[in-house]
Novice: 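Just dropping this structure here.
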Number of protein chains: 2
Amino acid sequence: MTDRRSQIVDAAAHLISHQGYASTSVEDVIRESRLSGKSHFYHYFKSKEELGYAVLNRQFERFAERGLAILREPMIDPLERLVLFIDTLVALQVARGCTGGSFFGTLAAELADAHEGFRKRIEVVFARWSAQLQSLLWEARPQLHDEVDTGRLARFVIATLEGAMLVARVDRDADALRAIAYDLKRFVAMHVREPAVVLGAGAGGGVGAASVIPAPPAAPPAAPRDASPDLAVMSARG
Amino acid sequence: MTDRRSQIVDAAAHLISHQGYASTSVEDVIRESRLSGKSHFYHYFKSKEELGYAVLNRQFERFAERGLAILREPMIDPLERLVLFIDTLVALQVARGCTGGSFFGTLAAELADAHEGFRKRIEVVFARWSAQLQSLLWEARPQLHDEVDTGRLARFVIATLEGAMLVARVDRDADALRAIAYDLKRFVAMHVREPAVVLGAGAGGGVGAASVIPAPPAAPPAAPRDASPDLAVMSARG
DNA sequence: TGACGTTAGGACCGATCGGTCCTAATATTG
DNA sequence: CAATATTAGGACCGATCGGTCCTAACGTCA
C-alpha cells in the first residue's frame with residue numbers, strides 16, 4: 001500500500017540529509033528505492049517538491065515519536081527527561097558518525113532563503129519542538145528559579161543543539177558534540193535550584209565539569225596572534 | 001586587475017549564501033557580476049569549484065578582518081572584546097534581515113558530507129575561529145574560574161552562535177537571535193569570577209536576566225500535550 | 001608599431017535535470 | 001471472472017547544467 005511510498009520517502013530522506021535537496025535528483029531517489037522508472041515514481045508523487053514535503057513531514061513524525069516523546073514521558077522527572085532527550089540526540093548523531101546532522105537544520109540552511117514553502121514548514125518544526133521543551137520546563141517550574149523565561153531557554157537549547165550537530169558534522173568529532181551537549185546541560189542547570197538533578201551527583205553545578213569530561217592539561221593556545229587572514233595554502237585539493 | 005575577479009567572488013558569495021552552492025549556477029554569477037559571457041568568467045576561474053574555494057577564502061578573509069580582529073583588539077579587556085564580538089555578529093545578521101545566516105554554516109550544511117574539499121576548508125575556518133576565541137579566553141584567565149576549559153568554551157560559543165543564526169534565519173526573528181546571544185553571554189559569565197564584566201552592571205550574573213530582555217508574563221505553555229506528530233494541514237502551499 | 005591582457009558575444013558540446021507519455025505485464029481484490 | 005492498482009521499462013521533451021572553442025574588438029604599455 002503506502003509501504004512503497006514510505007520506502008521512497010525514507011530513501012529520499014537519507015539522500016537529502018547527505019547531499020541536500022537540490023543535489024538529490026529524482027533519479028537518485030528512484031535508484032535508491034529500487035523503483036522501475038520515472039513513471040513509477042510519479043505514480044506516488046506528482047513532483048519533486050511534493051516528495052520533499054513528504055520527507056519533511058515524515059522526518060518530523062519520526063522526531064516527534066522518537067525524540068519529542070521523551071520530553072513527555074509521564075513517569076520521569078521533567079529535568080531528567082530533558083537530559084535524556086539531549087543524550088539521545090547525541091547518541092543518534094554519534095551512531096551516524098556525526099554525518100547527516102539535523103535534517104531540519106540541513107534543509108533550513110539550504111532552503112530557508114530560497115523556498116518559502118520549506119521555510120515555513122521548518123519554522124513549524126522548530127515551533128513544535130520549542131513548545132514541547134517549554135511545556136517540560138513549565139512542568140519543572142517548581143525546581144527552577146523564579147525568573148526563568150522558559151520560552152527563551154527552550155529556544156536556546158534548540159539553537160545550541162542545532163549548532164552542535166553542525167560543527168560536529170564538519171569536524172567529524174563526536175567528542176566535541178558530547179562536550180557541547182554537556183555544557184548545554186550545565187547552562188540548563190544554571191536555572192535549576194538543585195543543579196545535581198541535571199548534572200548528576202558528581203559536580204554540584206560548578207563551573208569546571210571536569211568530573212565528566214576530562215579537560216586537557218592547561219596549555220597556552222597555539223598562538224593565533226598573527227591571525228593569518230588566509231585560508232589557503234591548501235593546494236586546491238585538501 | 002584583480003578588481004574584476006574579486007567582484008565576481010563577491011557576487012558569487014551573495015548568491016551562494018542565499019541559494020546555496022549547487023543551486024547557484026555559473027550563469028547566475030555571470031549575470032550578477034555583469035560579465036559578458038562564459039568565456040569571460042572562465043578567463044578568471046578554471047571551474048565552478050575553484051570559484052567556490054575563492055569565495056570561501058574571501059569570506060574567511062572578511063570574517064578574520066572584520067570579526068576575529070575584534071577578538072584581538074589590544075586596548076580592550078578580553079571579556080569585553082568577546083561581548084563586542086558577539087554583539088557585532090548579531091548586529092550584522094539583523095542588518096541582513098536574519099537572512100543568509102552564517103556563510104560557513106550554510107555551506108557546511110550543504111557540502112560537509114558530500115564534498116570533502118569544502119568540508120576540510122570549513123573545518124579550518126572553525127579551527128581558526130576557535131583558536132582565536134581560545135586565545136582570548138587564555139588572556140582572560142585571571143578573571144576566569146580555575147577549572148575553565150578554554151577550548152571547550154570556545155567551541156560552545158561557536159556552536160551556539162551558528163545555531164542561533166540558523167534558527168533566527170528560519171524564524172526571521174531578530175529578537176530570538178538577540179535573546180540567544182544574551183543567554184550565551186550569561187553562559188560565558190558563568191565562568192567569570194566577576195560576571196558584571198560580561199553582562200554589564202545590571203544583573204550580577206543572576207538567572208533571570210530580565211534586566212535586558214523583558215520576559216513575557218508567565219503563562220502556561222500552549223498545550224503541546226497531544227504532541228500532534230503531524231506537520232501538515234498545510235495545504236501544500238504554506 | 002606590435003604584443004598582450006581584457007572585454008565582448010555567441011555557437012556549441014555532452015550530460016543531466018524535472019517531468020510526460022505510452023504500452024504492457026503482474027498483483028490484488030471485488 | 002473483471003476491475004483496479006501496482007510494477008515494469010522505455011522513449012521522449014524542453015530546459016539547464018558546467019564547460020569548451022572561436023572570433024573580434026578593445027585598452028595599455030613597451
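Sequence lines set the chain letters: A, B, ... in the order given, protein chains first and strands last, and positions in each chain run from 1. The model shown is predicted, which means the values in this text are computed figures rather than measured ones.
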Novice: Please determine whether a side-chain nitrogen of the Lys or Arg among A:R81 and A:E139 lies less than 4.0 Å from a carboxylate oxygen of the Asp or Glu.
Specialist: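 Salt bridge: yes.
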
Novice: Is the shortest side-chain N to carboxylate O distance from A:D183 to B:R155 below 4.0 Å?
Specialist: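 The answer is no: the pair does not qualify as a salt bridge.
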
Novice: Can you tell me if the side-chain N/O atoms of A:R4 get under 4.0 Å from OP1 or OP2 in D:dA8?
Specialist: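 For D:dA8, OP1/OP2 do have a side-chain N/O of A:R4 under 4.0 Å.
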
Novice: Would you confirm whether the ring centroid of A:Y21 sits within less than 6.0 angstrom of the ring centroid of A:F118?
Specialist: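 So the answer is yes for these two rings.
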
Novice: Round to a whole Å and report the spacing from NE2 of B:H40 to C1' of D:dA24.
Specialist: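 So the two atoms are 14 Å apart, to the nearest Å.
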
Novice: Across nucleotides 15-22 of chain C, 5' to 3', mark each nucleotide with B, S or - according to how protein heavy atoms within less than 4.0 Å reach it.
Specialist: --SBBBBB

Novice: Between D:dA5 atom C1' and A:D3 atom CG, what is the distance in whole Å?
Specialist: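 It works out to 15 Å between those atoms.
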
Novice: Would you call A:R119 and A:E123 a salt bridge, using N to O less than 4.0 angstrom?
Specialist: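 Answer for the salt bridge query: yes.
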
Novice: For the side chain of A:H43, starting at C-beta, report the closest nucleotide among D:dG9, C:dT7, D:dT6.
Specialist: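 Nearest nucleotide to the side chain: D:dT6.
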
Novice: Sequence neighbours excluded, which residues qualify as salt bridge (Lys or Arg N to Asp or Glu O under 4.0 Å) partners of A:D173?
Specialist: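 If we apply the salt bridge (Lys or Arg N to Asp or Glu O under 4.0 Å) test to A:D173, skipping adjacent residues, there are no hits.
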
Novice: Is a salt bridge present between B:R172 and A:E116, judged by a nitrogen-to-oxygen distance below 4.0 Å?
Specialist: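 Salt bridge: yes.
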
